[in-house]
Each structure stands twice: as structure tokens, then as C-alpha cells.
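First comes the structure, then the notes that go with it.
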Number of protein chains: 2
Amino acid sequence: MDNATQEKLFAAAIPLFAEKGYAAVSIREIAKAADVNVSSISYYFRGKEGLYHAIIESHIGAISKAISSAEGLPPEERLRHYAKAISEIHTKKPYVIRFVQSELVNPTSAMDKILKKHLFSFYRFLNKAIQDGIDSGIFRDDLDVHHAALSLVGIMNFYFIAKPLFRDFLDTSVEADAAYAEQAVNIYLEGIRRK
Amino acid sequence: MDNATQEKLFAAAIPLFAEKGYAAVSIREIAKAADVNVSSISYYFRGKEGLYHAIIESHIGAISKAISSAEGLPPEERLRHYAKAISEIHTKKPYVIRFVQSELVNPTSAMDKILKKHLFSFYRFLNKAIQDGIDSGIFRDDLDVHHAALSLVGIMNFYFIAKPLFRDFLDTSVEADAAYAEQAVNIYLEGIRRK
DNA sequence: GTCTATATTGCGATAGAC
DNA sequence: GTCTATCGCAATATAGAC
């Protein structure tokens, strides 16, 4: 992306789409926030959907990159690495969780075209880590692996979705986020550990 | 609600709003699905927003009712009761999680007007149960209570959001849902238990 | 209570001037 | 590459006939 107008559009659209959802944002609104002409959205991104897809793509790619570096670690470390990566992603790309959750709850064309394959890949990553942990005797062997994988995703991410609503009750610093992730993964690992 | 047209509108709008989100659904679409005239939405619900608010109200009320019956139980039972209630709610009102999550991620006026007070009340319920458990020595005393409360919500609910996407890998029966809730609450309680 | 017809507004997209 | 102007359409809402 080597054009100033294009970058302004991209940057301005992120919080709008993330906070209101695809359908609730108009291209006029985006153009105004970016302080550029409306028609430049079509010019640079071939329309509203193209702009949205470009944003989704860049955000989900960041997660994929972060997780891939955990391959090869022992099972528990792999899950701890996942937890740490998630927490870091949330500070680096604070809107990523809203895009993913928004597409999970109210899917648009971006789910099938862009997100699905990434999410399946994350799911396989977690399934494998948990299964490896069971096979090597460190996790309980009566676990439903699929369920356990979704439990980890849930425990790691909900805090970051709910944070804005509970901001009066929570410390919203970066350190607090890291502390959340640390406690959450500890609860989870203690809960699935073979005794 | 004592009118057939009104009930048809209400019933038809639930899956539409739940699956696509408030902004992405048009009143024409709802009227068509309900097989009634468009203008009856204004007649019975004073417009699209009124219909949406009526639906949100009925769904969140169901959760409040289910949780309230846990008051007075010992801490761990209170949390198990919460988990069981959540899982039962998901089978009885399969769209409730989508409404709540949709409002958390992309809030509309319903968040401030209807949902917020309920969600704060659930949050207080969980905080108190966890704090009581710490005070009575059954949960670890180094827990961050606020974080632990959000962890429980996350681990209990994400499965029900993700289920449609992962339907090829999961057993989607009612029994499987109950089994999920059981395993999830066990992981969580084992993870926060004082050793 | 239900319908048609319509008022009004805002949407996404683009042609064409500069 | 940026702008204005406008097209065509779909949105919500409602007045008024039945």
C-alpha cells in the first residue's frame, strides 16, 4: 500500500467496521472519517466489500503468523505459546477479535472467502497440541479433544471482547491484559492436566 | 402477545436478527419471512427497532430467570448451577448467545437500553461466587476475581458460538452440548481449586 | 387489523470533468 | 488521482383506503 489516500481509508475504516459491523457502516462515513472523497473507495478497493476484505485479510494474517512459530514445541509449551501470542495480538491489533467474533456471530462473505480456512487451521493446531499432550500422558485421557480446543479459545478471547463493557471494573493496561492471559492459560492447563 | 400476526413477526425475526445482525436485516425481509404485510411491523412494534428490542428483552430475561435460582448455594455449586443453566438456555433459546455476543461486539441501542444492566448483574453474580469460594478456602487465593469471572463466561459460551462453523467436526446433539458444559466447568473448577 | 401507495432518506457505485 | 454530480435502488416509515 503505497498511497496516502489508500492508507487513510484503510486506517479510518478499521475502527468503524470493528465497532459497528460491516452492514452498519456506510462508505460516506468512512470517507468522511478518512477525510478523502467517497469515490476513492471504489478507486482503490473496488467498493466497500473490497475495503472490508482487505482489512479482514490483514488482521487474520497477523494471527496466523504469530501462531505458526509454535510448531515443534512440546504440547504444553505449544498451548502457552498460543495463549501468549493471542494476548500479544490483542495489544498489537486491538480490533482483530471484533472482526473474528463479528464474522463468527454474523457472517458476511468474508467468512467463507477469507476467514474459514484460517480458523480451521487454528482449530487443527489446538486439536493436535491437546491430542499430543494426551498421548504423552500430561493431559487427562478422558478429554473430548474438540471440546477442549474450543474451551481454550473461549477462555483466552472473551475477556478481550468484554473489556470495553467492563472497563469501569477492570485495569485496562497492557500489563493487565498479559496478566489475564497468564492466569487464564494457567486455569486451563491445570484443569486438563493429568493428576 | 395475543395476536397471530404479531407472533409470526416475532418468530420470523429471531433467526434473521440472530444470524445477520440488526443492521443487515430489512423489515421487508422480516415481513416476507413472516408472511405478513410490512406495515404491521410499525403497527405492532413501532418499527424495526421496537421489534428488535422486544426480542432482545425476551431472550435476556430467560437467562436472568435461570441464574437467579442459584442464589444461596455454596460457591462451587453456584458456579456449576450457572454452567448448567447456560447450557440449558442454549438448547431452549438457541439464538440467545448470538444476540448477546452481537451486542457485545457491535453494540446497538439495545446494549445501553436493555442488555447492560443484565450483563452487569451476571458479572456481579459470578464475582461474588468466586470471591465466596476464595474466602471459604476452596478456590486459590491468588486469583484475580474479575479475570476469573470473565474466564468462566468465555469457556462456557464460545463453544455455542463456534458450533455452526465446526459442525462437521462436532456432534451437534443436545447431549453433546450438555457434555461440553460439563467438561468445561470441570476444567475451570479444577483450574481455580486450591490445592 | 390489513393493505396499497407513497414520501423521504440514505445507500453503493460510477461517469466524466479537471 | 481527485472531484462533483447523479443514477438507480433499497431502506424505514406512514397516510389513508378498505
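All values derive from a computational prediction rather than experimental measurement. Here is how names work: the chains are called A, B, and so on, in the same order as the sequence lines, proteins then strands, and each is numbered from 1. Computation of the quantities below employed the complete heavy-atom set of this structure, encompassing side-chain atoms and omitting hydrogens, waters and symmetry-equivalent molecules.
- Taking side-chain N and O atoms only, A:Thr5 has a distance below 4.0 Å to OP1 or OP2 of D:dT2.
- Mapping A:Tyr43 and A:Val38 onto DNA chain D by nearest heavy atom places A:Tyr43 at the nucleotide closer to the 5' end.
- Both cation-pi conditions hold for A:Lys48 and A:Tyr22: the charged atom is under 6.0 angstrom from the six-membered ring centre and inside a 45 degree cone around its axis.
- The side chain of A:Tyr44 sits closest to D:dT2 out of C:dC3, D:dT2, D:dA13.
- In this structure, the CD atom of B:Gln6 is 14 Å from the C1' atom of C:dT2, given to the nearest Å.
- For the 3.5 Å distance criterion, the side chains of B:Asn186 and A:Arg140 fail to qualify, holding no donor opposite an acceptor.
- The side chain of B:Ser42 has D:dA13 as its nearest neighbour among C:dG1, C:dT14, D:dA13.
- You'll find that the side chain of B:Asn3 is closest to C:dG1, out of D:dT14, C:dG1, C:dT14.
- No close placement of the B:His59 and B:Tyr95 rings is indicated, their centers lying 6.0 Å or farther apart.
- For B:Tyr43 and B:Thr5, the side-chain atoms include no donor-acceptor pair closer than 3.5 Å.
- Following rounding to the nearest Å, A:Ile30 (CD1) and C:dA13 (C1') show an atom-to-atom distance of 14 Å.
- Nucleotide D:dC3 holds its C1' atom 14 Å from the CD1 atom of A:Ile41, rounded to whole Å.
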Could you go through nucleotides 9-11 of chain C and list every protein N or O atom that sits under 3.5 Å from one of its N or O atoms, giving the distance for each pair?
residue: C:dC11; atom: OP1; partner: A:Ser26; partner atom: OG; Å: 3.3

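- The side chain of B:Asn37 approaches C:dC3 more closely than any other nucleotide in the set D:dT4, C:dC3, D:dT2.
- In this pair, A:Tyr123 and A:His146 present their aromatic rings tilted. The plane angle is within the 30 to 60° band.
- No close placement of the B:Phe45 and B:Tyr52 rings is indicated, their centers lying 6.0 Å or farther apart.
- Within 4.0 Å of A:Phe45, counting heavy atoms only, lies no atom of the nucleic acid at all.
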